[in-house]
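Report on the following structure.
Values reported hereafter were calculated over all heavy atoms of this structure, with side chains retained and with hydrogens, waters and symmetry mates removed.
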Amino acid sequence: MTTIEGSPDIRLATAADVPAVRAVTDAAYHHYIERIGRVPSPMEADHAADVAAGFVYVTGDPVVGLLVLVPRPYEGRLLLESIAVHPDAAGQGVGRRLLSFADAHARELGLPEIRLYTNALMWENQKIYPRYGYEVVERRVDGPYDRIHYRKRLQES
C-alpha cells in the first residue's frame, strides 16, 4: 500500500476502487452541470485508466474523497488534475487532508510545484485554493472550459 507519512488514511487506489472513484467524483461535481452548462471534465475522465496509471489516491472506507495526481517531472511540477469529496463528507477536513497529501506527494517526488485548474464558474474553489497557498497563474479557455489555473510553490522542508 502506498501512503505518505502523516496521511495513513490516504492510499493508492486499486482497480476495485474504480466504481467508488466514479461515484464520489460524480457526487462531488454533479451540482456544477447546470451552472457551467456541461458535464465537468472530472466526470468524463477515464477513471479506470487513471487508477491503472497510479494517479488516483483515495481516502475512507467506504471511499469519501480522492485525488488524481499526475507527476510531470519534465515540467518540474505535480498536476492536481482532480480533487473530489463526497458531499456527505463535506466539512470533515477530508479536502484539507487531501491537499496536504498532494503537497507531501510532490515533495516525495522532488517536484517543487503543484499546478491545478478549476472552472471559472466554480467560484467556491476560487476561495478555497488561495487559503492553501495556491496563486492564480492565468485564466484560459481550454476547449469548451473557461478555467482558472493555479500554482503552489512548495517550500523546502
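We find the CG-CZ distance between Asp9 and Phe101 to be 9.5 Å, quoted to the nearest 0.5 Å. How far OH of Tyr132 is from CG of Leu98: 10.5 Å, rounded to the nearest 0.5 Å. To the nearest 0.5 angstrom, Phe55 atom CZ is 9.5 Å from Leu79 atom CG.
When all heavy atoms of Met122 and Arg35 are compared, the pair lying nearest together is CA-NH1, 3.8 Å. Scanning both residues, Leu78 and Leu111, for their nearest heavy atoms gives N-CD1, 3.9 Å. Scanning both residues, Leu12 and Val56, for their nearest heavy atoms gives CD1-O, 3.5 Å.
Under the side-chain hydrogen bond (donor to acceptor under 3.5 Å, both in side chains) criterion, Asp103 pairs with Lys152, not counting sequence neighbours. Shown here are the side-chain hydrogen bond (donor to acceptor under 3.5 Å, both in side chains) partners of Glu138, two or more places apart in sequence or in another chain: Arg140. The ring pair (Phe, Tyr, Trp, His ring centres under 6.0 Å) search around Tyr150 returns Tyr129, not counting sequence neighbours. In this view, Tyr117 and His149 satisfy the ring pair (Phe, Tyr, Trp, His ring centres under 6.0 Å) rule, not counting sequence neighbours.
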Which atom pairs, donor and acceptor, lie under 3.5 Å between side-chain atoms of residues 17-28 and protein residues at least two apart or in another chain?
unit_1, atom_1, unit_2, atom_2, d
Asp17, OD1, Arg11, NH2, 2.9
Asp17, OD2, Arg11, NH1, 2.7
Asp17, OD2, Arg11, NH2, 3.3
Asp17, OD2, Thr14, N, 2.8
Asp17, OD2, Thr14, OG1, 3.2
Thr25, OG1, Val21, O, 2.8

Sequence neighbours left out, cut at 3.5 Å: what donor-acceptor pairs do the side chains of residues 62-77 make with other protein atoms?
unit_1, atom_1, unit_2, atom_2, d
Glu75, OE1, Arg77, NH1, 3.3
Arg77, NE, Glu113, OE2, 3.3

Result block: side-chain N/O donor-acceptor pairs under 3.5 angstrom for residues 40-53, not counting sequence neighbours:
unit_1, atom_1, unit_2, atom_2, d
Ser41, OG, Arg147, NH2, 3.1
Glu44, OE1, Tyr145, OH, 3.4
Asp46, OD1, Ala48, N, 3.4
Asp46, OD1, Ala49, N, 3.0

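For Glu135, the CD atom is densely surrounded, since the number of other residues' heavy atoms within 6.0 Å is greater than 12. The local environment of NE2 in His30 is sparse, with at most 12 non-hydrogen atoms from other residues, nucleotides or ligands closer than 6.0 Å.
Tyr134 and Leu121 sit in two unconnected hydrophobic clusters of ILVMFWY residues. Membership requires side-chain heavy atoms under 4.5 Å apart, directly or through other members. Tracing side-chain contacts under 4.5 Å through hydrophobic residues (I, L, V, M, F, W, Y), one reaches Val85 starting from Leu80; they form part of the same cluster. Residues Ile83 and Leu116 are members of one and the same hydrophobic cluster, defined by side-chain heavy-atom contacts under 4.5 angstrom among Ile, Leu, Val, Met, Phe, Trp and Tyr.
Relative orientation of the Tyr32 and Tyr29 rings is tilted, given thresholds of 30° and 60° on the angle between their planes.
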Please report the C-alpha distance between Arg38 and Ile33 in whole Å, then the side-chain angles of each, then the deciding distance to 0.1 Å, and finally whether the side chain to side chain contact (heavy atoms under 4.5 Å, CB included) criterion is met.
CA-CA 5 Å; Arg38 65 182 322 103; Ile33 295 172; over 6 Å; no
